[in-house]
Amino acid sequence: MSNAFYAFDAELERLTQHNLYRRRRQIDGPQQGVLNLDGRPVVNFCSNDYLGLANHPAVVQAFKQGCEHYGVGSGSAHLICGHSTAHHALEQELAAFTGRERALLFSTGYMANLGVVSALAGRGDCVLQDRLNHASLIDAAVLSRAKLARYRHGDSQDLSARLAQTGQRTLIVSDGVFSMDGDLAPLPEMAVLARRFQAGLMIDDAHGFGVLGQHGGGIVEHFGLNQDSVPILVGTLGKAFGTFGAFVAGSAALIEYLIQKARSYVYTTALPPAVAEATRTSLALLRREHWRRDKLQALIAQFQDGARHYGLPLMASPTPIQPIVVGDRDRAVTISQRLLAAGFWVSAIRPPTVPAATARLRITLSAAHQPRQVDALLTALAAAMT
Ligand SMILES: *Cc1c(COP(=O)(O)O)cnc(C)c1O
């Protein structure tokens, strides 16, 4: 009995033929600098745990204590009976951390973006996005039913020209640090344009928090901006914070509006309170332990020096995301397989995650790495790319 609806095989076959088929690998043990993959240790150069907090003993301990106090499940959405003292305290600490009036927790960054964009823009509005924005931001604009327009990557002149044309109520949306390129949005110029054209400005700094800025306050702190110049700021907790979840920070009115209107906030179960407790501890470590950012910067400089020495093509990234673009997706996959055989886990990123013909190795550095591991990676990379 065949049913045409379930004919998935042809598309799966096409993906396989084009080397676009994706496989999951199982790791056994915590997320850290060296992972246990199929019983074999591999150095982990593909995680977003930039500060090495995902398995920090104090964060793990806070999680355990959170479970003892709150149990595991939150039981319901925040607006029913799922909003705990732990969630509330974390929101207040995130507001203080970002220098904003209030912050609001979401269950994931994907959901924060869906909720914020669809609450703030709708039919008749325009959502103007950087071409290389994260998929969740693009999906959010589609969900909002506003017109989705895109400007050239990091190009504030193109943004300005488009703002001058729209004639619609407009929300400008951008990654802070671009997830597959590691470069920064031109935020000071964007803030000026948003003000000049009376547009909203929303920044998703998933990869900047913890990494950029003197206290890890991300791209906004890096550029010395604030709530007035960048009114809508999204952060995720699953990357440098080492836990799980996301938040939006901004004015009290913005947050109150989102509590009423953001559907991915209203209609979903709150994070486990123990995750909020663990995050309170990781936030304290992230703010206080400057050495993690310093060490990361030293590793980034070491990687860039080494890459230049071997003639590897670097991108203009000052962050722990250090992609090596190889162009051809088959070649990207082959190099990543060679690296894995040599004991280094580096992911090959292929279209549609990145534009056609820009397949790359996305190398991510972490304060959990040691300089000798970065040196060994460079040697292996140079060998794998010849
Ligand atoms: C990872 C990421 C997200 C999604 O966050 P999750 O908490 O993993 O859902 C959103 N935006 C950007 C730029 C990201 O890199």
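In this chain, numbering begins with 1 at the start of the sequence shown. Ligands are counted one by one from 1 in listed order, and the atoms in each one are counted from 1 as well.
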Salt bridge flag under 4.0 Å for residues Asp328 and Arg331: no
A student checking ligand 1 against Ser136 at a 4.0 Å heavy-atom cut-off should list atoms 10 (C), 11 (N)
Do the ring centers of Phe63 and Phe244 come within less than 6.0 Å of each other? no
So, Phe106 versus Phe247, ring centres under 6.0 angstrom or not? no
I need the contact type for Met111 against ligand 1. Using non-hydrogen atoms and a strict under-4.0 Å cut-off, is it side chain, backbone, both or neither? neither
Can you sort out which atoms of ligand 1 are near Ser179, meaning under 4.0 Å from one of its heavy atoms? 15 (O)
Quick one: does ligand 1 sit under 4.0 Å from the side chain of Val234, the backbone, both or neither, non-hydrogen atoms only? neither
Does Gly238 come within less than 4.0 Å of ligand 1, judged by its heavy atoms? no
Going by the atom numbers of ligand 1, which of them fall below 4.0 Å from some non-hydrogen atom of Asn113? 10 (C), 11 (N)
A student checking ligand 1 against Asp175 at a 4.0 Å heavy-atom cut-off should list atoms 13 (C)
Part of Ala246 with heavy atoms under 4.0 Å of ligand 1, whether side chain, backbone, both or neither: neither
Given Asp204, Thr108, Leu237, which one has a non-hydrogen atom that is nearest to atom 11 (N) of ligand 1? Asp204
Using 30° and 60° as the class boundaries, would you call the ring planes of Phe8 and Tyr6 parallel, tilted or perpendicular? perpendicular
Give the numbers and elements of all ligand 1 atoms closer than 4.0 Å to a heavy atom of Gly109. 4 (C), 5 (O), 6 (P), 7 (O), 9 (O)
Note: Asp181-Arg360 ion pair, threshold 4.0 Å (strictly below): yes
Looking at His215 versus Phe97, is the centre-to-centre ring distance below 6.0 Å? no
Pairing of Arg372 and Asp375 as salt bridge, 4.0 angstrom limit: no
Output all residues satisfying ring-ring contact (aromatic ring centres under 6.0 Å, His included) with His369, sequence neighbours left out; order by chain, then residue number. Phe45
Any idea which atoms of ligand 1 are less than 4.0 Å away from a heavy-atom of His207? 14 (C), 15 (O)
State the atoms of ligand 1, each with its element, that fall below the 4.0 Å cut-off from a heavy-atom position in Tyr110. 4 (C), 5 (O), 6 (P), 9 (O)
In this structure, are over 12 heavy atoms from other groups packed under 6.0 Å from Glu11 atom CD? yes
State the atoms of ligand 1, each with its element, that fall below the 4.0 Å cut-off from a heavy-atom position in Thr236. 5 (O)
For atom 14 (C) of ligand 1, what's the nearest protein heavy-atom neighbour? Residue, atom name and distance, please. Lys239 NZ, 2.8 Å
